[in-house]
Amino acid sequence: MNLLEILTVGVVATAASDIWQQAQKPLTGIPAANWPVTGRWVIGWRDGRIYDPMIGKRPSLKGEALVGWAFHYLIGAVYAALYLSFVVVIAKTVPTLLNGLLFGLVTLLAPFLFMKPALGGGFFGLRAPNPGKGLFLSISAHAVFGMGLYLGEIFYQSLC
């Protein structure tokens, strides 16, 4: 496992999730994640605003879209590093579609137990305006992300 492998797997998995979010939108009417708002939240950390339930009502900040997208892909790379470390180093096995999918679903702990509550949506996003749609988008996007971890590894291996 090396940095290029981690970045390749993380970018492919994150891009797969982003493509899924755009593809499902016309069928379900559920908008994709709003990464500029996430960027506004991340920028607010410098002012000590980790818990910020009013984030959606705050004015846009310069660079928030770039920060949000960069943060999103950085988290994807961190998850890829954790996934590869667990699968290859700890479990001493190889990435598979199943262990990628399961890991992707485990990554739901972060938005369900930290990010959604920090942004005022409550645990699992159940206090958000439309929790069912939010749950569907989160679960499906993280499942696709997990499948993307496997596909990213296949892609990386094909480059080597």
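Here the structure is a predicted model, which means the values were calculated and not measured. This chain uses plain numbering: 1 for the first residue, then up along the sequence.
Of all the heavy atoms in Gly148 and Ala13, the pair that sits closest is C-CB, 3.5 Å. Minimum heavy-atom separation, Ser140 to Trp20: OG-NE1, 2.9 Å. Here the closest heavy-atom approach between residue Gly125 and residue Pro131 is recorded as O-CB, 3.6 Å. When all heavy atoms of Gly10 and Thr14 are compared, the closest pair comes out as O-OG1, 2.7 Å. Nearest approach of Thr96 to Tyr150, heavy atoms of both residues: C-CD1, 3.3 Å. The two atoms that bring Gly134 and Lys116 nearest to each other are O-NZ, 4.2 Å, heavy atoms only.
Hydrophobic clustering (side-chain heavy atoms under 4.5 Å, transitive across Ile, Leu, Val, Met, Phe, Trp, Tyr) groups Ile139 together with Phe123. Clustering ILVMFWY residues whenever any of their side-chain heavy atoms sit less than 4.5 angstrom apart, transitively, puts Leu4 in a cluster other than the one holding Val11. Linking Ile, Leu, Val, Met, Phe, Trp and Tyr residues whenever their side-chain heavy atoms come within less than 4.5 Å places Ile50 and Val67 in a single cluster. A continuous path of ILVMFWY side-chain contacts below 4.5 Å connects Leu82 to Met1, so both sit in one hydrophobic cluster. Note on Ile154 and Leu98: separate hydrophobic clusters, where clusters join Ile, Leu, Val, Met, Phe, Trp and Tyr whose side-chain heavy atoms are under 4.5 Å apart, directly or indirectly.
Side-chain atoms of Gln22 and Ile19, non-hydrogen and from C-beta on, never get closer than 4.5 Å to each other. Inter-residue side-chain proximity for Glu5 and Gln157 is flagged as met; some heavy-atom pair is nearer than 4.5 Å. Under the 4.5 Å side-chain criterion, counting only non-hydrogen atoms from C-beta, Pro95 is in contact with Val88. Using a 4.5 Å heavy-atom cutoff, the side chains of Asn34 and Pro36 are in contact. Here the side chains of Tyr79 and Phe103 are in contact, with some heavy-atom distance below 4.5 Å. Considering only heavy atoms from C-beta on, Val12 stays 4.5 Å or farther from Leu149 through its side chain. The shortest distance between side-chain heavy atoms of Gln24 and Ile30 falls below 4.5 Å. A 4.5 Å side-chain heavy-atom check between His142 and Val106 finds every atom pair outside the cut-off.
Using bins of under 30°, 30° to 60° and over 60° for the plane-to-plane angle, the ring pair Phe124/Phe112 lands in the tilted bin.
Other residues, nucleotides and ligands contribute at most 12 non-hydrogen atoms within 6.0 Å of the CZ atom of Phe155. Shown here is Phe114, whose CZ atom has more than 12 heavy atoms of other residues, nucleotides or ligands within 6.0 Å.
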Given Val37 and Ile55, is the side chain to side chain contact (heavy atoms under 4.5 Å, CB included) satisfied, shown in steps? CA-CA 7 Å; Val37 169; Ile55 192 72; 3.9 Å; yes
One pair to check against side chain to side chain contact (heavy atoms under 4.5 Å, CB included): Ile43 and Arg46. What are the steps and the verdict? CA-CA 6 Å; Ile43 292 168; Arg46 67 178 179 213; 3.5 Å; yes
Side chain to side chain donor-acceptor pair (under 3.5 Å) between Tyr83 and Asn99: does it pass, once the steps are laid out? CA-CA 9 Å; Tyr83 169 69; Asn99 62 32; 2.5 Å; yes
Run the numbers on Trp45 and Phe71 for ring pair (Phe, Tyr, Trp, His ring centres under 6.0 Å), then give the verdict. CA-CA 13 Å; Trp45 294 353; Phe71 181 74; 5.6 Å; yes
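To the nearest 0.5 angstrom, Leu101 atom CG is 6.5 Å from Leu97 atom CG. Between Trp69 atom CH2 and Leu74 atom CG the span is 14.5 Å, to the nearest 0.5 Å.
No close placement of the Trp41 and Tyr51 rings is indicated, their centers lying 6.0 Å or farther apart.
Looking at Thr107, its side chain does come within 3.5 Å of a backbone N or O of Gly104 through a donor-acceptor pair. Side chain of Ser138 to backbone of Leu135: no donor-acceptor contact under 3.5 angstrom is found. No donor-acceptor pair under 3.5 Å is formed between the side chain of Arg40 and the backbone N or O of Leu61.
When each of Met115, His72, Glu64 is checked for a side-chain contact (heavy atoms from CB on, under 4.5 Å) with Thr38, only Met115 meets the rule. For the pairing with Tyr156, the side-chain contact (heavy atoms from CB on, under 4.5 Å) check across Asn2, Leu84, Leu151, Ile6 returns one residue only, Asn2.
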